[in-house]
Amino acid sequence: QAEDGIRDSVASRGLGDVYKRQLADWAPVRKWTDAYVRKRCGGARPISVRRATTADVTKRDGKTLFGRPDKANLYDDHKVALADYLDDDPDRPYYAARVDVGRELPELLKDLDAAGPPGGLQSAFGPPMPSNPILYFGRGSDPRGELDGLMLGRGVFARRRRADPSSDTSRAGDNATPTHFDPDENLFCMVDGAKVVTLHHPGDGDCLYPSGDRNAKSVFSLVDPRLDGAEIAARFPKTAAARPLEVTVRKGDMLYIPLGWWHFIRALPGRNMSINYWYRLSAAKTSSDGLLREFERLYVAKRPPRKSP
């Protein structure tokens with residue numbers, strides 16, 4: 001029943017898409033400051049980071065996308081000392097993404113349950129992925145010209161600017177991950193800061209121009225949602241038929257991203273930290289009857305309605 005409630009809320013585009021303050025009392029939300037992480041793990045500990053290179057970085061409105069969606073290899077992987085990452089200029093183009101907590105920061109596991117976040121929702125899914133939990137940790141200051149959110153306009157992605165966009169600068173703390181979908185169920189848990197997630201029903205796949213290249217197990221879209229709506233319409237006309245849903249996930253919130261749903265994730269300014277738990281489909285859904293019911297319930301009957309221009 002818990003999984004049904006999450007699935008229905010996402011599919012119906014209701015206000016329950018984000019489980020507000022579901023994790024307010026979770027240890028990472030309460031305790032994981034820079035000082036705590038440094039004390040527990042030690043400043044010399046190397047962690048994995050992504051670096052946006054000059055050749056592959058995409059800059060729009062002062063934002064940095066870590067890699068180009070039209071390339072199979074979206075970014076460069078590097079290792080840096082935890083202390084250097086915590087203390088370095090937050091505007092450096094680094095992003096600590098897909099950090100395997102068990103392997104790289106095992107001292108933090110005492111604050112986590114490898115099976116999933118509190119609340120028991122993982123019991124509705126299949127087996128957890130062995131890599132769980134995975135940490136995403138962005139650093140950044142708050143630019144005065146920050147875009148005031150992503151807005152939807154006439155079925156494509158349009159943007160609204162604040163008064164002084166010229167003050168924007170590229171920074172890793174405002175990191176964005178290209179639109180893609182994953183082959184597993186995902187519980188997205190916000191530990192600190194906030195991220196804007198743009199979701200697309202699997203039926204929007206043709207509108208999003210899949211690249212055909214695979215990065216790990218994910219499939220990426222060629223469309224950069226941060227472009228002006230007019231530019232997207234000209235370069236990717238099929239996006240006019242897409243039906244995106246935007247949600248903001250803040251500290252202590254949790255979002256369920258179903259298998260196969262496309263999603264674009266952009267961090268809001270400042271320190272941001274999130275933990276992902278991925279799961280296989282439950283046994284009930286891996287049977288032929290279960291998959292048929294799931295397809296009918298989620299991917300056909302509950303497809304979000306088209307918004308009026």
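Here the structure is a predicted model, which means the values were calculated and not measured.
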Exercise for review: Go through the steps to decide whether Y136 and V99 satisfy the test side-chain contact (heavy atoms from CB on, under 4.5 Å), and finish with yes or no.
Suggested key: CA-CA 6 Å; Y136 292 76; V99 176; over 6 Å; no
**Study point:** side-chain hydrogen bond (donor to acceptor under 3.5 Å, both in side chains) evaluation trace for W262 with D204
**Key:** CA-CA 8 Å; W262 296 84; D204 276 352; over 6 Å; no
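- Closest of all the heavy-atom pairs between W32 and I275 is CZ3-CD1, 3.6 Å.
- Between C41 and L105, the shortest heavy-atom contact is SG-CD2, 3.8 Å.
- Looking at H263 and H200, their side chains never bring a donor and an acceptor atom within 3.5 Å of each other.
- Residues P202 and G260 approach most closely at CG-O, 3.5 Å, considering heavy atoms.
- Using modelled atom types, one finds no donor on one side chain facing an acceptor on the other under 3.5 Å when comparing D113 with Y277.
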Check your understanding: Would R30 and D25 count as a salt bridge (charged side-chain N to carboxylate O under 4.0 Å, His left out) if you check the C-alpha gap in whole Å, the side-chain angles of each, and the deciding distance to 0.1 Å?
Key -> CA-CA 7 Å; R30 293 186 291 105; D25 295 327; 5.4 Å; no
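- Here the closest non-hydrogen pair linking R40 and L108 is CB-CD2, 4.2 Å.
- The two atoms that bring A194 and M190 nearest to each other are N-CE, 3.7 Å, heavy atoms only.
- Taking a cutoff of 4.0 Å between a charged side-chain nitrogen and a carboxylate oxygen, D34 and K39 do not qualify as a salt bridge.
- Atom CD of Q22 is separated from atom CE of M254 by 4.5 Å, given to the nearest 0.5 angstrom.
- Distance CZ/R250 to CG/L255: 13.5 Å, rounded to 0.5 Å.
- Contact check on E104 versus R98 returns no salt bridge, with no Lys/Arg side-chain nitrogen under 4.0 Å from an Asp/Glu carboxylate oxygen.
- No side-chain N or O of N132 forms a donor-acceptor pair with one of W278 less than 3.5 Å apart.
- Between the side chains of T248 and K195, no donor-acceptor pair of N or O atoms lies under 3.5 Å.
- Applying the side chain to side chain donor-acceptor pair (under 3.5 Å) criterion to W26, with sequence neighbours excluded, gives no partner residue.
- Here the straight-line distance linking atom CZ of F137 with atom CE of M273 works out to 4.0 Å at 0.5 Å rounding.
- If you take CZ on R103 and OG on S48, they are separated by 10.0 Å, rounding to the nearest 0.5 Å.
- A44 and A81 get closest at one heavy-atom pair: O-CB, 4.3 Å.
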Review point. So Y279 and D184, side-chain contact (heavy atoms from CB on, under 4.5 Å) or not? Walk me through it.
Key: CA-CA 6 Å; Y279 303 90; D184 301 300; over 6 Å; no
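- Here the OH-NZ distance, from Y36 to K31, works out to 3.5 Å after rounding to the nearest 0.5 Å.
- Aromatic ring centres of F220 and F264: separated by at least 6.0 Å.
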